[in-house]
Amino acid sequence: PNGSDLVQVDPATNRVARTVPLGKSTRPARASGEHHLLVAGGAVWVMNQAGILRVDPGSGRVKIVMGPDRYGPLSGLAAAGGSVWAVAGMVVQQIRPEDGTIGWEDAPMELTPMIPSGLTAGAGALWVVGTGFLARFDPDTRRVVATFRIGHRIGADVELVVADLVAGDDRTVVALRNKVLYLIDPAANRVRAEVRLPS
């Protein structure tokens with residue numbers, strides 16, 4: 001109950017090849033949606049209640065990259081520009097994939113109006129989603145290059161919090177909240193369509 005395992009499956013046989021214990025945590029268990037897995041830079045990256053972990057797939061060695069409460073809630077993991085990226089509180093972190101050290105970190109002023117809740121890579125950028133905002137972060141310049149609101153206005157000056165999941169690929173970025181899928185046009189930094197999902 002207070003620990004977790006990473007399970008490696010051999011795709012040729014569909015059998016468990018290895019189980020890597022990820023350690024114990026004294027923190028209460030979090031929802032499964034707050035656990036993230038990423039394969040990048042020759043390693044497996046895990047974000048869970050223990051923080052951010054780097055697992056060597058050959059040796060099974062686990063390295064704690066960062067504890068869970070260094071800057072605030074952990075929002076996600078993504079790979080872009082040859083690095084692994086994470087968001088903790090308002091702080092964006094660039095992690096060296098070869099050894100798991102944090103090479104750069106900063107709290108961009110443009111993230112101040114939002115509470116980050118998701119992170120993804122897509123269309124050559126990093127996308128941070130939060131309370132009614134989506135921010136586009138350039139991994140080469142390490143700067144927020146665009147921010148825009150997403151969601152429905154429910155009053156003259158009141159914006160409903162609408163997004164907490166985000167995903168992307170080379171051409172499309174999407175955000176999801178409250179059964180609405182927001183399709184983002186990365187070239188124009190705007191919401192191209194809103195798709196209401198069945199309950």
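Because the structure is predicted, anything quoted here is derived from the model rather than measured. Just so you know, these numbers use all the heavy atoms, side chains as well, and skip hydrogens, waters and symmetry mates.
With rounding to the nearest 0.5 Å, the separation of CE in M66 from CD1 in I52 is 4.0 Å. Rounded to the nearest 0.5 Å, atoms CG (L38) and CE (M47) are 9.5 Å apart.
Side chains of L134 and V128 form no contact here, defined as non-hydrogen atoms less than 4.5 Å apart. Side chains of V166 and V174 form no contact here, defined as non-hydrogen atoms less than 4.5 Å apart. Inter-residue side-chain proximity for L53 and N48 is flagged as met; some heavy-atom pair is nearer than 4.5 Å. A 4.5 Å side-chain heavy-atom check between V65 and I102 finds at least one atom pair inside the cut-off. The shortest distance between side-chain heavy atoms of H36 and W45 does not fall below 4.5 Å. Counting heavy atoms from C-beta on, the side chains of R171 and D169 come closer than 4.5 Å. Residues L183 and V195 form a side-chain contact, since some pair of their non-hydrogen atoms from C-beta on lies under 4.5 Å apart. W127 is listed as a side-chain neighbour of R136, based on a closest heavy-atom distance under 4.5 Å.
I184 and V191 get closest at one heavy-atom pair: CD1-CG2, 3.9 Å. Closest heavy-atom contact between P57 and A43: CD-CA, 3.9 Å. Residues S117 and G130 share a closest heavy-atom pair of OG-CA, 3.8 Å. Contact detail for V180 and R196: the closest heavy-atom pair is CG2-NH1, 3.1 Å. Of all the heavy atoms in T147 and A135, the pair that sits closest is CG2-CB, 3.8 Å.
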Below 3.5 Å, can you tabulate the donor-acceptor pairs from side chains in residues 73-86 to any protein atom, sequence neighbours excluded?
unit_1 : atom_1 : unit_2 : atom_2 : d
S75    : OG     : P116   : O      : 3.1
S83    : OG     : Q94    : NE2    : 2.9
W85    : NE1    : A80    : O      : 2.9

Show me the donor-acceptor pairs, under 3.5 Å and distance only, between side chains in residues 104-112 and residues at least two apart or in other chains.
unit_1 : atom_1 : unit_2 : atom_2 : d
E105   : OE1    : Q93    : NE2    : 3.0
E105   : OE2    : R70    : NH2    : 3.1
E105   : OE2    : Y71    : OH     : 2.7
T112   : OG1    : M109   : O      : 2.7

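In this structure, the side chain of R54 engages the main chain of E98 through a donor-acceptor pair within 3.5 Å. When atom types are taken as modelled, the side chain of T101 and the backbone of G103 share no donor-acceptor pair closer than 3.5 angstrom. D5 places no side-chain N or O within donor-acceptor distance of the main-chain N or O of V7, the cut-off being under 3.5 Å.
Within 6.0 Å of atom CZ in R61, 12 or fewer heavy atoms from other residues, nucleotides or ligands are found, so the atom counts as exposed in its surroundings. Within 6.0 Å of atom CZ in R143, 12 or fewer heavy atoms from other residues, nucleotides or ligands are found, so the atom counts as exposed in its surroundings. Atom CD1 of I64 has 12 or fewer neighbouring heavy atoms from other residues, nucleotides or ligands inside a 6.0 Å radius.
Taken together through direct or relayed side-chain contacts under 4.5 Å among Ile, Leu, Val, Met, Phe, Trp and Tyr, I115 and F133 form parts of separate hydrophobic clusters. Both L37 and V20 are assigned to one and the same hydrophobic cluster, defined by single-linkage of ILVMFWY side chains at heavy-atom distances under 4.5 Å. L6 and V9 fall into different hydrophobic clusters, where Ile, Leu, Val, Met, Phe, Trp and Tyr are joined by side-chain heavy atoms under 4.5 Å apart, directly or via other members.
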